Amino acid sequence: MSAINTIAFKPALCDGCGECMTACSTVKSVNGSAAQSRIQIIADPLKGSWELALCRQCGDPRCVADCPAAALSKEANGGLISWDAEKCVNCLLCTAGCVYAGIAFSADEGRVVKCDQCGGDPQCVKACPTQALTYLTSASIYNRWGDLEDLFVPGLGGCQGCNTEIVMRHTLRRVGSNTVLATPPGCIPGMGSVGYNGMAGTKVPVFHPLLTNTASMLTGIRRQFKRKGRNVTAMALAGDGGAGDVGFQSLSGAAERGEEILFVCVDNEGYMNTGAQRSGSTPYGAWTATTPLGTEAHGKVQDSKNMPLLMMWHRCAYVATASTAFMEDLYEKLEKALAASDHGFAYLHIYSPCTSGWRFPSGNNIEVARKAVETNFAILWEYQPDQGLRLSRPIDKPLPVVEYLKLLGKFKHLDAAQIQHIENHVAEQTKLFSELAGIGKGVERLAAAAPLSAGHERSSVSERLTR
Amino acid sequence: MERYDYLVVGASHAGLEAVRAIRAHDATGSIAMLNRDPVLPYSPTVLPYVVSGRSKEDRVALRDHPWFESLQTAYLERTQVSAVDAAKAVVRCADGKEIGYGKLLLATGAKPIIPPVSGLDGVPYHVLRTLDDALALRNAMGTAKHAVVLGAGLVGMHAAENLAKGKCQVTVVEMRDQVLPGYFDAEAAAMISAAFTGNGVEMLTKHRVTSVAKQGQQCVVKLENGEQRIADLLLVATGVTPEVDFLKGALDIERGIIVDEFMRTRVANVWAAGDVVQTRSFFGDGTPAGGILPDAVEQGRTAGMDMAGDPGVTPYPGGIPLNTYNFFGNRALSVGRDLPANAGTEWEVLRRNSAASASEPARYLKIVLRDNCLQGIFGVNVLFDPGIMWELILRRTNLSELRQQLLDHPQDTARAVMSGIWR
């Protein structure tokens, strides 16, 4: 079985312009004959909303099950439902199986028509001026990595809707079994990765360092294995407190020395395992158990420190921020971090909203993660010494920060001044990252303007600018 | 003795969907599918197209061997079940072999009804239910000049159109008062019938055949009204009946095997699905049910999920008549039931039609509502999505404010409603 890419539709962004349908019928027309658009945008006659008729490329397609002529089939690779003109008898029984109007008879073409996603480059999405249509390709992650073994046991005791468990399972699954894993105190060992009653919860060697010495212990483990001639990934799955506050001394030291470690910081903005106390990553204004609300107190009074940026100034082999709402990006960065940890210190900082400690419904985790990124509250970027800082997605048109704040119970009490403070902080961070990324672009411009001075000179220019 | 955790008897839509559903939930249980024919699974519905030549007989297989392998399912051809012994949990095959089962699905389909017409057993005639039937009929059509088709159901109507296009003089004899009874309302049926008449087919509804007799290479078909027709090709297409003879009373059977809403028979560990069962009507009335391909798929899915213990299984809601029918370049679609004879004030019928012109074909649309919920929709040359209409009936969606839009623009209106429901 194979997962499928999806053309996603956000009705709220659609203005019914019809550009998608024009693009589709244009690309599907052969020899100038009119083709019917495979995507149909329809006005709801009562609500006035814009509605969609389009093939969903179902995982369990009834059109295929209902076809008596074997003309429809679900492709093993890519998962599209393909139509065979030679076998089709035009009986239209497929249209009886579809509740999305994804396959329908075209009077113009004299046969049923359906979306084929233009072979991976859907023209309707390109033509959409409002981003109501997007092409989601994150299913490729499943196709590439779906067969790998999950290296945590089933039944970890995370809270319902826990984002950190997603991060744990995805990262270790990809990193693989040739790993020694450190999980310092926090939710990650707390939910059972180090095990109960002498039974490990992880299918690779796992240990439970102190909060303070995670990076030091991994340093020794990696060096000892190397001495024995074995190339083993030394990996940490640590919370933001264990990485940025209590454990920062050993982390900073290991990064500065360039130890060959893959250090994943799962940032849930506080000490969530022990009852939601504040940490250095807790944002301004947030309620925590130690920044309570009362007549005098109104949540945390300091801004969070930007841990990944601090790690960048260590000039690690790789530093990046990622989010489970953008899994393709997360996987790309995980690949790069894993590769970098073979020769230097790799630091991957993953934003991990906490349903319990941040107070939002357990079904909303990915939406919260997405809004954090879309409002620039959490900016996605990566740093490599030879390329400088690059933004992973544009940050010049963010959603209003309140779109994010209003999702979370920990910000429910904010007054106008506090919201203004957070907006200012986000804007300041956005400006800073634009400038840092601009330095990287400057390098590219320099390199492009001097094509003759390639090779050594080029890298030395970039190094000088980005060090 | 061979034994399988899941044994599926019959190899068409219901059985195939059941195998898929079983394997979706049970990754390891052994599965076997038995087909009495020495071929890969095919659909009886495709056979009229094999007759017409549109489908090539070697390209109609619904699934191939790699599909069975990917689902770790044994596909046993030439294996005809002759008896079921539920007490011992085995089926006996025609060659004497016994195959044990943990859970059994009977999806053996249906076979043609042969009407009690005097002299019929003494003349050569065709039926259309198997691939062999289709090839025989295709051969015979090549030379036939005069043909008589008994029955104006889908099989008969498809064959009549093919014969007429082959310059054969065709007579269709149907004892009921319209063509495609049970599928289309009288008005749509009349338009369909008129298209056949216009293409030179003689349509004799409300007629009965009293006897047939051989006359040289041809046969004489005598009608109740005293007339007769000469045929060098006789097709009997008077409907189908469940293929249950081999059960020999081992299960409760009325118009088919009796099953509950999870397709369980009254015998432990035996399920049945598809044309072999007596399908309950969704409407809970006398509306005919069964014999509908998408229904067979639904039943197969329900049975397979229930057999495998899939907690996601939902009760089979009952059959809803549905048809998609092309004739002489026209398209007729029907979903649901027509207005009943004793309809009360909660029923409503919306209707529009237009006669054929030089550039436009005749069009017809009829929508039947009860308490503002869709009960049936019948159209000729008016497009709508049958799958969406079916879903709107199943969901009993209230359409009170959309009646006029539904009549004017059935396709777009229903699409918009359905899209809104999905999100």
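Quick note on labels: first sequence line is chain A, next is B, and so on, each numbered from 1. All values derive from a computational prediction rather than experimental measurement.
By the 6.0 Å contact criterion, NE2 on His409(B) is open, its count of non-hydrogen atoms from other residues, nucleotides or ligands being 12 or less. Within 6.0 Å of atom CG in Asp58(B), more than 12 heavy atoms from other residues, nucleotides or ligands are found, so the atom counts as buried in its surroundings. Applying the 6.0 Å contact sphere to CD of Glu401(B) captures no more than 12 heavy atoms from other residues, nucleotides or ligands. The neighbour count for Lys10(A) NZ, taken as heavy atoms of other residues, nucleotides or ligands under 6.0 Å away, does not exceed 12.
The contact list for residues 322-331 of chain B toward chain A, using heavy atoms and a distance under 4.5 Å, reads Leu322(B), Thr324(B), Asn326(B), Arg331(B) by residue number.
The two residues Asp385(B) and Ala104(A) make their nearest non-hydrogen contact at OD1-CB, 3.8 Å. Closest approach of Arg415(B) and Ala53(A) over heavy atoms only: CD-CB, 3.9 Å. Of all non-hydrogen atoms in Gly420(B) and Lys47(A), the two that sit nearest each other are CA-NZ, 4.1 Å. Taking each heavy atom of Pro68(A) and Val46(B) in turn, the nearest pair found is O-CB, 3.4 Å. Residues Val99(A) and Met418(B) approach most closely at O-CG, 3.3 Å, considering heavy atoms.
Heavy-atom distances place both the backbone and the side chain of Ala69(A) under 4.5 Å from chain B. At a 4.5 Å heavy-atom cutoff, the contact between Cys91(A) and chain B is made by backbone and side-chain atoms alike. Both the backbone and the side chain of Tyr100(A) come within less than 4.5 Å of a heavy atom in chain B. Heavy atoms closer than 4.5 Å to chain B are found in the backbone of Ala43(A), but not in its side chain. Proximity to chain A (any heavy atom under 4.5 Å) is restricted, for Ala61(B), to the backbone atoms N, CA, C and O. Proximity to chain A involves both the backbone and the side chain of Leu62(B), based on heavy atoms less than 4.5 angstrom apart. Both the backbone and the side chain of Asn90(A) have a heavy atom closer than 4.5 Å to some heavy atom of chain B. Heavy-atom distances place both the backbone and the side chain of Thr95(A) under 4.5 Å from chain B.
Residue with the most contacts toward chain A among Leu293(B), Ile292(B), Asn381(B): Leu293(B) (heavy-atom pairs, distance under 4.5 Å). Across Cys63(A), Cys94(A), Cys88(A), the residue that shares the most heavy-atom pairs under 4.5 angstrom with chain B is Cys88(A). Between chain A and the options Val60(B), Leu383(B), Leu47(B), the largest number of non-hydrogen pairs under 4.5 Å is found for Leu383(B). Heavy-atom pairs under 4.5 Å with chain A peak, among Glu17(B), Arg63(B), Arg20(B), at Arg20(B). Residue with the most contacts toward chain B among Ala70(A), Pro11(A), Ala96(A), Pro45(A): Ala96(A) (heavy-atom pairs, distance under 4.5 Å). The choice from Ser43(B), Ser52(B), Ser419(B) that makes the most heavy-atom pairs within less than 4.5 Å of chain A is Ser419(B). The most heavy-atom pairs under 4.5 Å with chain B, out of Gly97(A), Ala101(A), Gly110(A), Ala71(A), come from Ala101(A).
Atom CZ of residue Arg62(A) and atom CD of residue Glu298(B) lie 4.0 Å apart, to the nearest 0.5 angstrom. Remark: Ile42(A) CD1 to Gln411(B) CD distance equals 8.0 Å, nearest 0.5 Å. The distance from atom CD1 of Ile421(B) to atom CD of Glu51(A), rounded to the nearest 0.5 Å, is 10.0 Å. Atom SG of Cys67(A) sits about 7.5 Å away from atom NE2 of His13(B), to the nearest 0.5 Å. Here the CZ atom belonging to Arg301(B) is positioned 4.5 Å from the CG atom belonging to Asp60(A), to the nearest 0.5 angstrom. To the nearest 0.5 angstrom, Lys87(A) atom NZ is 14.0 Å from Arg54(B) atom CZ.
Every residue meeting the salt bridge (Lys or Arg N to Asp or Glu O under 4.0 Å) condition with Lys371(A), not counting sequence neighbours, appears here in chain and number order: Glu367(A). Residues forming a salt bridge (Lys or Arg N to Asp or Glu O under 4.0 Å) with Asp133(B) (at least two apart in sequence, or on another chain): none.
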What side-chain donor-acceptor pairs closer than 3.5 Å can you find for residues 150-160 of chain A, not counting sequence neighbours?
{"residue": "Asp150(A)", "atom": "OD1", "partner": "Phe152(A)", "partner atom": "N", "Å": "3.0"}
{"residue": "Asp150(A)", "atom": "OD1", "partner": "Arg169(A)", "partner atom": "NH1", "Å": "3.4"}
{"residue": "Asp150(A)", "atom": "OD2", "partner": "Arg169(A)", "partner atom": "NH1", "Å": "2.9"}
{"residue": "Gln160(A)", "atom": "OE1", "partner": "Ser362(A)", "partner atom": "OG", "Å": "3.3"}

